[in-house]
Enquirer: 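For reference, the structure I am asking about is given below.
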There are 2 protein chains.
Amino acid sequence: MKYIEKLRKSGLRPTKQRLQICEVLFNREKTFHFTINELEQKIKNHTSSKISLATVYNTVHAFEKKGYLKQIPINSSETYFDTNVTDHHHFYDLKEEKLIDLENSDVGPINILKKLTEKRLNQLKFL
Amino acid sequence: MKYIEKLRKSGLRPTKQRLQICEVLFNREKTFHFTINELEQKIKNHTSSKISLATVYNTVHAFEKKGYLKQIPINSSETYFDTNVTDHHHFYDLKEEKLIDLENSDVGPINILKKLTEKRLNQLKFL
DNA sequence: TTAGCAGTTTATAATGATTCTAAAAAAGTG
DNA sequence: CACTTTTTTAGAATCATTATAAACTGCTAA
Ligand SMILES: [Mn+2]
Ligand SMILES: [Mn+2]
Ligand SMILES: [Zn+2]
Ligand SMILES: [Zn+2]
């Protein structure tokens with residue numbers, strides 16, 4: 001499997017559960033935006049063996065810590081995660097009712113016009 | 001009081017609790033970014049009479065519905081609200097560890113460089 | 001002014017996403 | 001295999017938020 005080494009390199013043991021979750025998360029063409037419960041459903045469809053909810057949480061947090069997943073700041077009762085860990089922008093497609101990724105290069109520079117000191121500017125993180 | 005008419009116009013009865021909460025929320029110079037619990041603390045400091053937590057939630061949601069408050073999309077266990085209901089940007093000041101408002105006019109236009117149909121573009125909402 | 005309705009407040013319970021716990025299972029090591 | 005460390009797991013605990021329903025308040029028609 002292609003994920004075994006990836007996990008080992010990160011100091012994570014390549015368990016059956018983690019490998020299955022890797023398949024669901026990363027073996028796809030496009031970015032995946034998901035909640036824990038959506039992920040759990042996908043896992044159920046993908047495999048016959050059951051993975052406990054606690055493990056799904058544990059694994060997602062472990063992957064987040066290692067930089068393989070990112071949380072998405074959004075107003076929802078459930079936390080959203082993103083397999084696209086680049087620094088990118090989210091747009092909401094009102095018609096299709098889903099999040100769209102646009103890379104920084106797709107959006108062009110954010111120009112702060114307001115007068116702020118150089119020092120101040122550099123300590124700002126665009127949300 | 002200056003808030004009585006504002007509430008009446010919105011179809012909200014100007015109760016003692018709502019007026020007190022208005023004072024805390026809106027009688028200030030700068031934008032206020034807050035959680036329900038932070039607001040509760042401010043209310044405690046501001047007034048002698050106690051307002052129940054349920055009322056704080058009710059009022060904040062009523063004000064949000066009427067357009068006097070806005071939720072802020074952010075990753076936190078608590079929901080953040082904003083007294084600045086203009087369509088504006090949030091930056092995080094890493095040094096001061098707090099959210100900064102920059103108005104759209106302070107940031108300049110967001111240029112989507114990626115090729116998308118006009119129709120598609122218009123149904124996108126920048127988050 | 002007052003009766004009565006509708007809207008509001010309140011304490012408390014319920015909900016639900018997430019985290020914690022601790023015991024069992026699995027993986028790494030030699 | 002023997003041993004240690006990490007991981008999984010079911011279930012309990014936590015905590016922000018919402019629901020409930022009874023008491024209270026504001027409004028207004030008569
Ligand atoms: Mn996390
Ligand atoms: Mn709300
Ligand atoms: Zn994304
Ligand atoms: Zn703001």
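Labels below follow one simple rule: chain letters A, B, ... track the order of the sequence lines, proteins then strands, and each chain is numbered from 1.
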Enquirer: What's the CG-C1' distance between A:Leu19 and C:dA26, to the nearest Å?
Expert: 13 Å
Enquirer: Over how many whole Å does the gap from A:Gln71 atom CD to C:dT19 atom P extend?
Expert: 8 Å
Enquirer: Tell me: NE2 of A:His61 to C1' of D:dT8, nearest whole Å?
Expert: 16 Å
Enquirer: Hey, which of A:Ile74, A:Asp82, A:Thr31, A:Asp93 is the one that makes side-chain contact (heavy atoms from CB on, under 4.5 Å) with A:Leu99?
Expert: A:Ile74
Enquirer: So with a 6.0 Å cut-off around NZ of A:Lys42, is the heavy-atom count from everything else above 12?
Expert: no
Enquirer: In whole angstrom, what separates B:Glu40's CD from D:dC15's P?
Expert: 15 Å
Enquirer: Do the rings of B:Phe63 and B:Phe26 sit parallel, tilted or perpendicular, given the 30° and 60° boundaries?
Expert: tilted
Enquirer: Applying ring-ring contact (aromatic ring centres under 6.0 Å, His included), name anything that partners A:Phe32, two or more places apart in sequence or on another chain.
Expert: A:Phe34
Enquirer: Among A:Gln17, A:Arg18, A:Lys44, whose side-chain contact (heavy atoms from CB on, under 4.5 Å) with A:Ile51 holds?
Expert: A:Gln17
Enquirer: Base, sugar-phosphate alone, or nothing: which one does B:Thr79 contact when heavy atoms must sit under 4.0 Å apart?
Expert: sugar-phosphate
Enquirer: Generate the contact string for nucleotides 6-13 of chain C. Rules: B means base contact, S means sugar-phosphate contact only, - means no protein heavy atom under 4.0 Å.
Expert: BSSBBB--
Enquirer: Could you state the atom-to-atom distance from CD of B:Glu78 to P of D:dT14 in whole Å?
Expert: 17 Å
Enquirer: Determine the interplanar angle of the B:His33 and B:His88 rings, folded into 0 to 90°, and report it as parallel if under 30°, tilted if 30 to 60°, perpendicular if over 60°.
Expert: parallel
Enquirer: B:Phe91 vs B:His89 aromatic rings, parallel, tilted or perpendicular, using cut-offs 30° and 60°?
Expert: perpendicular
Enquirer: Quick one: do the A:Gln20 and A:Ser49 side chains pair a donor with an acceptor below 3.5 Å?
Expert: yes
Enquirer: Please report the closest heavy-atom contact between B:Tyr80 and B:Glu38, naming both atoms and the distance.
Expert: OH-OE2, 3.8 Å
Enquirer: For A:Phe63 and D:dT7, what is the distance between atoms CZ and P respectively, to the nearest whole Å?
Expert: 11 Å
Enquirer: Please give, in whole Å, the distance from C:dA17 P to B:Asn75 CG?
Expert: 17 Å
Enquirer: May I have the distance from A:Tyr57 (atom OH) to D:dT14 (atom P), rounded to whole angstrom?
Expert: 17 Å
Enquirer: Provide a list of protein-nucleic acid N or O atom pairs under 3.5 angstrom, restricted to nucleotides 2-4 of chain C.
Expert:
none

